[in-house]
Number of protein chains: 2
Amino acid sequence: MLPGRALRWRPTEGRQMVTANGMAEVAAAVGEPARAAMLTALMDGRALTASELARVAAITPQTASSHLARLIAVGLIAVERQGRHRYHRLANPAVAQMIEGIMQIAGGIQVRPRARTGPRDLAMRAARTCYDHLAGQLGVDIADALQARGAMVIDGDGALLTASGRAWMCDMGILKPDAGKHSARPFCRPCLDWSERRPHIAGVLGAAICTHALEQSWVRRREANRALEITPKGRIALKATFGISCAG
Amino acid sequence: MLPGRALRWRPTEGRQMVTANGMAEVAAAVGEPARAAMLTALMDGRALTASELARVAAITPQTASSHLARLIAVGLIAVERQGRHRYHRLANPAVAQMIEGIMQIAGGIQVRPRARTGPRDLAMRAARTCYDHLAGQLGVDIADALQARGAMVIDGDGALLTASGRAWMCDMGILKPDAGKHSARPFCRPCLDWSERRPHIAGVLGAAICTHALEQSWVRRREANRALEITPKGRIALKATFGISCAG
DNA sequence: CCGATGCTTCGACCGGGACCGAAGCAATGC
DNA sequence: GCATTGCTTCGGTCCCGGTCGAAGCATCGG
């Protein structure tokens, strides 16, 4: 009876243990108050810096760093570095869905949709150009609208215009039928928005939308900075085209 | 700078921390290899004893006992005692859904549907009576069929016949229109099946189905024990009514 | 009544991991 | 160049919880 457990409590099968261990690894990553707080903070789709995440979890940056490393290792969050900041976001929509599932069991209060714009830099936050495409709340809202009607899919750091989305954009004259077919430039790419912390559309498609908006006088360049002003005509057109309501 | 963290790293809000802690508690319950193995083993909907769960997790019964206590405490599994056995099952469908979500992230292999009946006690396992209702594979299959077509919902230790389900059962002459309206007896109750380890239907509804099956000669009582024999006529009727194929 | 079985509780051990302070590294600003 | 900011790495402490052996209750079978 010396080998005790080794003899008596041998697992029945090895296969299931593997998948169970993988599951345990993922669940354990979520199953710690600080990390859970971080993930919850990211549930609205924004990308936050390590310091901000440390703050919401009420821990020091050192500790947050190790937690984030673990979350990245198991593939729950993805990181994007920009200068001396590191922006963390949920790795993909499946992660958000999983967390929502856990919250439901936890007696969970649902996630608030996303806080609307803050009070500072109103003009820049509302709409601006980012290189050759639209950014700010307008840019993010357009990306949301395209996703909502199934015209585009954003997944992690890639994006795709669906067939119906392409047809729709062509119908509206925003996109030429053969646009981007033979270009080396990414056609449709998500770009992290600085003020909104959520992706807007870059690439050939993003540029086409921006060009169209300027040509049709939906937006007008402003002052010396990159801020854009939405015209009355633009307000009507954006509502009709994308279902976006732009606050005065 | 003495109070260090207390000053600098105060959490921004208390509300979110609460829901995050609840989530962490649930996720931590899953996030341990032994418990994850147990939950995985329960994913096919069967109910297993504490010893069986200890075996699949490759731990001693003492350890399993503490794990099970924790899983019960957070509401992931429910327990039903019968004699000196304690049958554990996932507390409700939402738990299974949550686990499936976690598995998906874990690079998860999906769960096998459910192993079909074992080789022993074939007659008893295939179909028998349990008091006044049907049990064995036939009983479980009928319960499955009712759920599949939205006639009944089983959730944890309660069950409900839907309005359409009641109408359907009445149309087929299984149920009288006013059946159970004024009875103190539970109308539709899940009953844990010994051989299948999954619920079949008890209560007024279960008795009605059993009575109907006997009256219509779908099944016939056998020998001295409670085993039932499915008649050729019954085979046809069960296929037509519930879509159940009974192996010879 | 006694023994066997299924499960839980108690006590003790020990390792992993959560935590922070200090220091190191990279990017920015002056 | 130097100071500041954002973040990571290193080292060390401490505690939670997973583990099993032994013992304690229930239930079932004689």
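Just so we're on the same page: letters track the sequence lines, and every chain starts at 1.
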**Request:** Establish, with yes or no, whether the OP1 or OP2 oxygen of D:dG18 is under 4.0 angstrom from a side-chain nitrogen or oxygen of B:T63.
**Result:** no
> Run the salt bridge (Lys or Arg N to Asp or Glu O under 4.0 Å) check on B:E80 and B:R89 step by step: do they pass?
Replying inline: CA-CA 8 Å; B:E80 208 157 325; B:R89 59 162 211 273; 2.9 Å; yes
Is the closest side-chain heavy-atom distance between A:V79 and A:I72 below 4.5 Å?
-> yes
A:E32 atom CD is separated from D:dC16 atom P, nearest whole Å, by 13 Å
Rounded to whole Å, CZ of A:R55 lies from P of D:dG6 at a distance of 11 Å
For a quick check of understanding: with a heavy-atom distance under 4.0 Å over all strands, which category does A:S66 fall into, base, sugar-phosphate or nothing? nothing
What pairs of donor and acceptor atoms, side-chain ones from residues 23-37 of chain A against any protein atom, are under 3.5 angstrom apart with sequence neighbours left out?
{"residue": "A:E32", "atom": "OE1", "partner": "A:A34", "partner atom": "N", "Å": "2.9"}
{"residue": "A:E32", "atom": "OE1", "partner": "A:R35", "partner atom": "N", "Å": "3.0"}
{"residue": "A:R35", "atom": "NE", "partner": "A:A29", "partner atom": "O", "Å": "2.6"}
{"residue": "A:R35", "atom": "NH1", "partner": "A:H67", "partner atom": "ND1", "Å": "3.0"}
{"residue": "A:R35", "atom": "NH2", "partner": "A:A28", "partner atom": "O", "Å": "3.2"}

Under 3.5 Å, which protein N or O atoms sit close to an N or O of nucleotides 26-30 of chain C? Give each pair with its distance.
{"residue": "C:dA27", "atom": "N3", "partner": "A:R84", "partner atom": "NH1", "Å": "3.4"}

Between CG of A:L48 and P of D:dG6 the distance, given in whole Å, is 15 Å
Quick note, B:Q62 side chain, CB onward, closest among D:dT19, C:dC19, D:dG21 is D:dG21
The nucleotide from D:dG18, C:dC20, C:dT8 with an atom nearest the side chain of B:R86 is C:dT8
In whole angstroms, the gap separating C1' of C:dT8 from CD1 of B:I72 amounts to 11 Å
Closest to the 5' end of DNA chain D, once A:L68 and B:A28 are matched to their nearest nucleotides, is A:L68
| query | Is a side-chain donor or acceptor of A:Q104 paired with a backbone partner of A:G101 at a separation under 3.5 angstrom? | reply | no
Can a donor-acceptor pair be found, under 3.5 Å and without considering hydrogens, that links the side chain of B:T211 to the backbone of B:A207? yes
B:M38 CE to D:dG18 C1', in whole Å, measures 12 Å
Side-chain atoms of B:S65 come closest, of C:dT9, C:dG21, D:dT9, to C:dT9
- request: For the residue pair A:E52 and A:T49, confirm or rule out a side-chain donor-acceptor distance under 3.5 Å.
  value: yes
Per atom distances to the B:H67 side chain, the nearest of D:dT8, C:dT8, D:dG18 is D:dG18
Handout entry: B:L53 side chain reached by B:L42 side chain, heavy atoms, under 4.5 Å
Key = yes
Atom CZ of A:R70 and atom P of D:dT8 are separated, to the nearest Å, by 16 Å
